[in-house]
Amino acid sequence: ARAPIFRPLRTMEFLHDAHAQYLHKLEESRDSFEQVVSEHLRCSAVYWAYSASSILGADFDVERAVEFVKSCRNDDGGYGGNAAQDSHMLYTLSAVQILSLCDALEHVDKDATAAYIAGLQLADGSFQGDKWGEVDTRFSYCALCALAILGKMDAVDVSAAADFVGECRNFDGGFGAVPGAESHAGQIFCCVGALKIAGKLEEHCDAELLGWWLSERQCDSGGLNGRPEKQADVCYSWWILSSLSILDKVDWINTEKLQRFILQCQDDEGGGISDRPNNVPDVFHTFFGLAGLDLLGYFRTREDGDRYHSINPVYALPKDVCARLGLQEQPAGDVDKEPTPEASQAAEAAAATD
Ligand code: GRG
């Protein structure tokens, strides 16, 4: 008999132990295909793996993580994606996040790292990713998030940073990478997060219109896409749910359908979560799938709910780590409540003007 083209529908059980083992194996198998192709961004991969482990309440090798981050540090105060690589804003945030997870921020020279970040801010408030000059709202988020964690927000012009992010807002309520660029869910997370950290969310964001745009991203499969007419992908469970969570509008999507979609993306053989059902898992989607389930309140409904660590939607770090750092707690978001009549009306009005 011929092998079936598609595997039967995967289990709806949450595979805690398989995921913990998958993440543990990643730590051990440095020469696997996945590890080799992600060598250049290893600092971020380590952040995804360790924050995923934290959500699961699984152990990771703190000493090894700290040594690795130290090896990525450059004399300019920034961090590269791996040892002997140029500094970049993306990896500087990942480095600071890993050290936060390890409770080892004393290994950062806070003044030097803040100066590196401040040196990448331009006169219009935007941030370059590195000395080569690309500007993108991802880097605005990375800059403000890292500085908030380090307690060094005063190193940059926060108000100008927020004004630049505001310039990237579009007619549909979403945000893009630069002024005039298409709205994209990944950039929206960065912009909403940056504005929240800057304390300027209300000034630069139309929460009702953006809530409508974000909730329109749910596809028939229950998964979320990153912009109209694109495929659903587990990573948007994070980029969109974190934004909805900051706006306190998680209940504007069908949370049960999204939960089912994420559970279907689990690999029931080797653990880990993939972008779509039946695809190969990777560490990026494993972290964002677990973080998405957490923001949906899924772990709180489980009998073993106490072992999980809830994630903060702004700083993308466990809430207990944020509390330890004195970072502001975000509203939990009541995922069971119905949208208020005012919220539904506003969303309908916004849809009518599209
Ligand atoms: C600490 C969580 C955290 C993030 C740091 C790097 C960063 C800040 C944010 C990245 C935000 C972003 C732009 C995410 C999108 C990533 C992604 C899946 C891009 C794919 O884009 P396309 O055009 O995919 O290939 P679509 O889904 O539009 O077809």
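Just so it is clear, the structure is predicted and the values come from calculations on it, not from any experiment. Atoms within a ligand are numbered from 1 in the order they appear, just like the ligands themselves.
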Subject >> Aromatic ring pairing F284/W239, orientation class (parallel under 30°, perpendicular over 60°, tilted between) >> reply: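 Plane angle between 30° and 60°, so tilted.
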
Subject >> Pick from R227, K230, Q231: the one approaching atom 22 (P) of ligand 1 most closely through a non-hydrogen atom >> reply: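 Looking at heavy atoms only, R227 sits closest to atom 22 (P) of ligand 1.
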
**OP:** Give a yes or no on whether atom 25 (O) of ligand 1 lies under 4.0 Å from any heavy atom of the protein.
**Re:**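 Neighbour list for atom 25 (O) of ligand 1 is empty of protein heavy atoms (cut-off 4.0 Å).
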
Original post:
How long is the gap from CG on L101 to OG on S54, to the nearest 0.5 Å?
Top reply: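 Those atoms lie 4.5 Å apart.
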
Original post:
Under a heavy-atom criterion of less than 4.0 Å, does G186 contact ligand 1?
Top reply: yes

Original post:
Is the shortest distance from a heavy atom of D233 to ligand 1 less than 4.0 Å?
Top reply: no

Subject >> Shortest non-hydrogen separation from F127 to Q121 and the atoms involved >> reply: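 Taking every non-hydrogen atom into account, CE2-CB, 3.5 Å.
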
Subject >> I246 versus P313, closest heavy-atom pair with distance >> reply: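 Result for this residue pair: CD1-O, 3.8 Å.
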
Do me a favour and list the nearest non-hydrogen protein atom to [atom] with residue, atom name and distance?
| atom | answer |
| --- | --- |
| atom 3 (C) of ligand 1 | F189 CE2, 4.1 Å |
| atom 13 (C) of ligand 1 | Q187 OE1, 3.4 Å |
| atom 1 (C) of ligand 1 | Q97 NE2, 3.4 Å |
| atom 16 (C) of ligand 1 | W239 NE1, 4.2 Å |
| atom 6 (C) of ligand 1 | L90 CD2, 3.4 Å |
| atom 20 (C) of ligand 1 | Y236 OH, 3.8 Å |

Subject >> Test: R73 and E67 ion pair at under 4.0 Å >> reply: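 Between E67 and R73 there is no salt bridge, as every charged N stays at least 4.0 Å from the carboxylate O atoms.
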
Subject >> Side-chain ion pair, K131 and D76, N-O less than 4.0 Å >> reply: no

At under 4.0 Å between heavy atoms, is it the side chain or the backbone of [X] that contacts ligand 1, or both, or neither?
| X | result |
| --- | --- |
| S94 | neither |
| C190 | side chain |
| H184 | side chain |

Original post:
For F175 and H204, what are the C-alpha separation, side-chain angles and deciding distance, and is it a ring-ring contact (aromatic ring centres under 6.0 Å, His included)?
Top reply: CA-CA 10 Å; F175 294 82; H204 291 294; 8.6 Å; no

Subject >> Ligand-residue contact atoms, ligand 1 with R138, heavy atoms, under 4.0 Å >> reply: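 Within the 4.0 Å cut-off of R138, ligand 1 contributes 9 (C), 10 (C), 13 (C).
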
Subject >> Atom indices of ligand 1 within 4.0 angstrom of C235 heavy atoms, with elements >> reply: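 Listed by number with element: 18 (C).
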
Original post:
After noting the C-alpha distance and the side-chain angles of D294 and H309, does the key distance pass the side chain to side chain donor-acceptor pair (under 3.5 Å) rule?
Top reply: CA-CA 8 Å; D294 175 57; H309 290 247; over 6 Å; no

**OP:** Could you tell me if the ring centre of F287 sits under 6.0 Å from that of Y47?
**Re:** yes

Original post:
Would H88 and Y79 count as a ring-ring contact (aromatic ring centres under 6.0 Å, His included) if you check the C-alpha gap in whole Å, the side-chain angles of each, and the deciding distance to 0.1 Å?
Top reply: CA-CA 6 Å; H88 195 286; Y79 292 78; over 10 Å; no

